[in-house]
Amino acid sequence: MTNRIQYDVIIVGGSYSGLAAGMALGRASRTVLIIDSGRPCNRQTPFSHNFLTQDGKPPAEITALARQQLQKYETVAFFQGLATSGKKTENGFDIQIGSGEIFTGKKLVFATGIKDILPAIEGFSDCWGLSVLHCPYCHGYEVRNAQTGIFGHGDTGFELAKLISHWAPDLTLYTNGLSGLTQEQADQLQSHRISIVEKEIEKLDQENGQVKNILFRDGSRVGLTALYVRVPFEQHCRIPESLGCSFTEAGYLQTDAFQKTNIPGIFACGDNASPFRTLANAIAQGTAAGMMLNKEMIFESF
C-alpha cells in the first residue's frame with residue numbers, strides 16, 4: 001500500500017477565503033493542500049465591489065491572481081476535485097474526493113461557502129448576481145436611482161425594503177402572493193412611498209441576465225432594472241456536519257473569534273461561517289484562520 005502524504009493542513013474550498021488561509025499558512029512554511037471544485041457561488045457576478053484596491057475587478061481575475069501568487073510558496077499544493085467525505089483519524093483527518101483519492105491532514109480548514117436556494121421562477125437563476133441581487137454594498141451603487149424591486153414578504157421583505165430604500169427612491173415590494181406584513185409595517189412602507197404588490201409572479205423577462213420586466217400570473221407586467229432578494233441557503237459541504245461541527249441558528253458554521261469550530265483541529269472561514277458575504281470579509285476571515293491555526297500548531301509542539 002502506497003504511503004499517503006500527510007499535510008499539515010488541508011483546506012477544503014479554494015476560493016477567496018481558502019486561498020487567504022493558504023497564503024498565511026504558506027508564509028509560515030506549512031505543508032498545505034487546497035482542494036477546490038472550481039464552482040464559486042459568485043461565478044455569475046461580473047464585477048467585485050466594496051473591496052479596497054480591487055473595486056470593479058472581475059472575481060475570476062482576483063482568484064487567478066491569488067492562485068498565481070500562492071504558487072511561489074513551495075509548500076502549498078492544489079487539487080481540483082470535490083471533497084465528498086471526511087473522517088477523524090489518529091493523526092488528524094482524512095478527506096476523500098469524489099474520484100476516490102484520499103488525502104490526510106493534521107488540521108482542516110473549511111472554506112466551502114454556501115448554496116443559495118433560488119425560487120422556482122423562470123428567469124430568476126439567469127439573473128442571479130447580475131440584476132437579481134443580494135447585497136446593496138456589493139451592487140447598490142451601480143443601480144442607484146434605478147427602477148428597483150424587492151422580492152420578499154413578511155418581516156424579511158419589510159427589513160430588506162427599509163435597507164434598500166437608501167439606494168432606490170423608486171422602490172416596490174413584490175410579495176408574490178399575500179404580503180404577510182402587519183398593518184403597521186405596510187403603513188410604514190407606504191409612508192416612505194414604497195409600493196406593495198401582492199400579485200403572483202409568473203417569470204422574470206430578462207436578456208443576458210439583465211431583468212427587463214416582471215410578468216405576473218394575471219397577464220400584467222411591470223418594467224424593472226434591479227431586484228433585491230434574500231433567499232434561504234444551505235451549506236455547500238456536508239463534511240463539517242458529519243465531523244460533528246456545530247451550526248448557528250441561521251445555519252452558519254459556528255466559530256469563535258479565531259475561526260475555530262467546536263471540533264479541535266477544524267477551522268472554518270468565509271461565507272459558510274459568516275452572513276457578511278463580501279470578498280473582503282472572506283479574505284479577512286481566511287487570513288485569520290491561517291494565522292491562528294499556525295499559532296495553534298506552534299504551541300502544540302513547543
Side-chain angles (χ1 to χ4, degrees), residues 9-28 30 32-73 75-83 95 107-116 128-130 133-140 142 233-237 239-240 251-253 255 257-261 266-294:
V9 184
I10 293 176
I11 299 173
V12 184
S15 195
Y16 316 99
S17 203
L19 293 171
M23 176 167 282
L25 290 161
R27 291 185 58 80
R30 295 294 181 185
V32 179
L33 178 66
I34 301 174
I35 300 170
D36 186 59
S37 63
R39 290 181 62 80
C41 67
N42 68 344
R43 57 188 175 274
Q44 283 195 180
T45 303
F47 303 106
S48 167
H49 291 290
N50 206 21
F51 183 5
L52 199 62
T53 77
Q54 302 296 316
D55 191 50
K57 290 278 187 70
E61 187 178 311
I62 297 171
T63 305
L65 178 59
R67 288 177 68 97
Q68 178 187 326
Q69 291 177 346
L70 270 171
Q71 285 170 358
K72 78 175 186 180
Y73 299 103
T75 60
V76 179
F78 292 89
F79 184 90
Q80 184 167 353
L82 181 65
I95 294 293
K107 307 280 185 179
L108 293 180
V109 175
F110 286 101
T112 42
I114 55 176
K115 179 181 179 182
D116 296 300
W128 184 238
L130 297 166
L133 311 169
H134 79 285
C135 175
Y137 295 99
C138 296
H139 307 287
E142 283 63 43
F233 68 88
E234 61 186 14
Q235 288 284 329
H236 231 175
C237 180
I239 301 174
Y252 297 101
L253 275 163
T255 65
F258 305 119
Q259 306 305 135
K260 294 183 183 182
T261 71
I266 300 181
F267 288 63
C269 51
D271 290 355
N272 64 358
S274 171
F276 298 104
R277 296 179 63 182
T278 68
L279 268 65
N281 186 69
I283 290 170
Q285 284 197 354
T287 301
M291 292 167 61
M292 298 314 298
L293 198 160
N294 179 66

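Numbering of residues begins at 1 and proceeds along the displayed sequence. On a predicted model such as this, the values are computed, not experimentally measured, just so you know.
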Query raised in the report: Can you list the residues that meet the ring-ring contact (aromatic ring centres under 6.0 Å, His included) rule with Phe51, with sequence neighbours excluded?
Result: none

Query raised in the report: Looking at residues at least two apart in the chain, or sitting in another chain, which of them share a salt bridge (Lys or Arg N to Asp or Glu O under 4.0 Å) with Arg30?
Result: none

Query raised in the report: Where is the tightest heavy-atom contact between Cys237 and Pro240, given as atom of each residue plus distance?
Result: O-CD, 3.6 Å

Query raised in the report: In Å and rounded to the nearest 0.5 Å, what is the CG to CD1 distance from Asp36 to Ile11?
Result: 11.0 Å

Report summary line: Sorted by chain and number, sequence neighbours left out, side-chain contact (heavy atoms from CB on, under 4.5 Å) with Glu142 holds for His49

Report task. State which residue, out of Val109, Ile35, Ile34, fulfils the side-chain contact (heavy atoms from CB on, under 4.5 Å) condition with Ile10. Result -> Ile35

Query - Residue list, side-chain contact (heavy atoms from CB on, under 4.5 Å) with His139, at least two apart or on another chain - result: Thr45, Leu133, His134

Report summary line: Smallest heavy-atom separation, Ala66 atom then Leu19 atom, equals CB-CD1, 3.8 Å

Query raised in the report: Taking only residues two or more places apart in sequence, or in another chain, which ones meet Asn50 in a side-chain contact (heavy atoms from CB on, under 4.5 Å)?
Result: Tyr137

Query raised in the report: For Phe110 and Ile239, which heavy atoms make the closest approach, and how far apart are they?
Result: CZ-CG2, 3.7 Å

Query raised in the report: What pairs meet the salt bridge (Lys or Arg N to Asp or Glu O under 4.0 Å) rule with one or both residues in residues 268-291, with sequence neighbours excluded?
Result: Asp116-Arg277, Asp271-Arg277

**Report entry** Residues forming a side chain to side chain donor-acceptor pair (under 3.5 Å) with Arg67, sequence neighbours excluded
**Finding:** none

Report summary line: For Ser48 and Ile62, the nearest pair of non-hydrogen atoms, with its separation, is CB-CD1, 3.9 Å

For a quick test of your reading: what N or O donor-acceptor pairs under 3.5 Å do the side chains of residues 279-293 make, sequence neighbours left out?
unit_1 : atom_1 : unit_2 : atom_2 : d
Asn281 : ND2    : Ser274 : OG     : 3.3
Asn281 : ND2    : Phe276 : O      : 3.1
Gln285 : OE1    : Gly270 : N      : 2.7
Thr287 : OG1    : Ile283 : O      : 2.9

Report task. Name all residues meeting the side-chain contact (heavy atoms from CB on, under 4.5 Å) criterion together with Gln69; count only those two or more places apart in sequence or in a different chain, and write none if there are none. Result -> Met23, Leu65

Requested in this report: Would you name the heavy atoms of Gly26 and Val76 that are closest together and state the gap between them?
Outcome: CA-CG2, 3.7 Å

Requested in this report: With rounding to the nearest 0.5 Å, note down the distance linking CG in Leu25 to OH in Tyr73.
Outcome: 12.0 Å

Report task. Any salt bridge (Lys or Arg N to Asp or Glu O under 4.0 Å) involving residues 279-288? Give me the pairs, sequence neighbours left out, ordered by first then second residue. Result -> none

Requested in this report: List in chain and number order the residues that pass side chain to side chain donor-acceptor pair (under 3.5 Å) with Gln235, two or more places apart in sequence or in another chain; answer none if no residue qualifies.
Outcome: none

Requested in this report: Output all residues satisfying side chain to side chain donor-acceptor pair (under 3.5 Å) with Asn272, sequence neighbours left out; order by chain, then residue number.
Outcome: Thr112

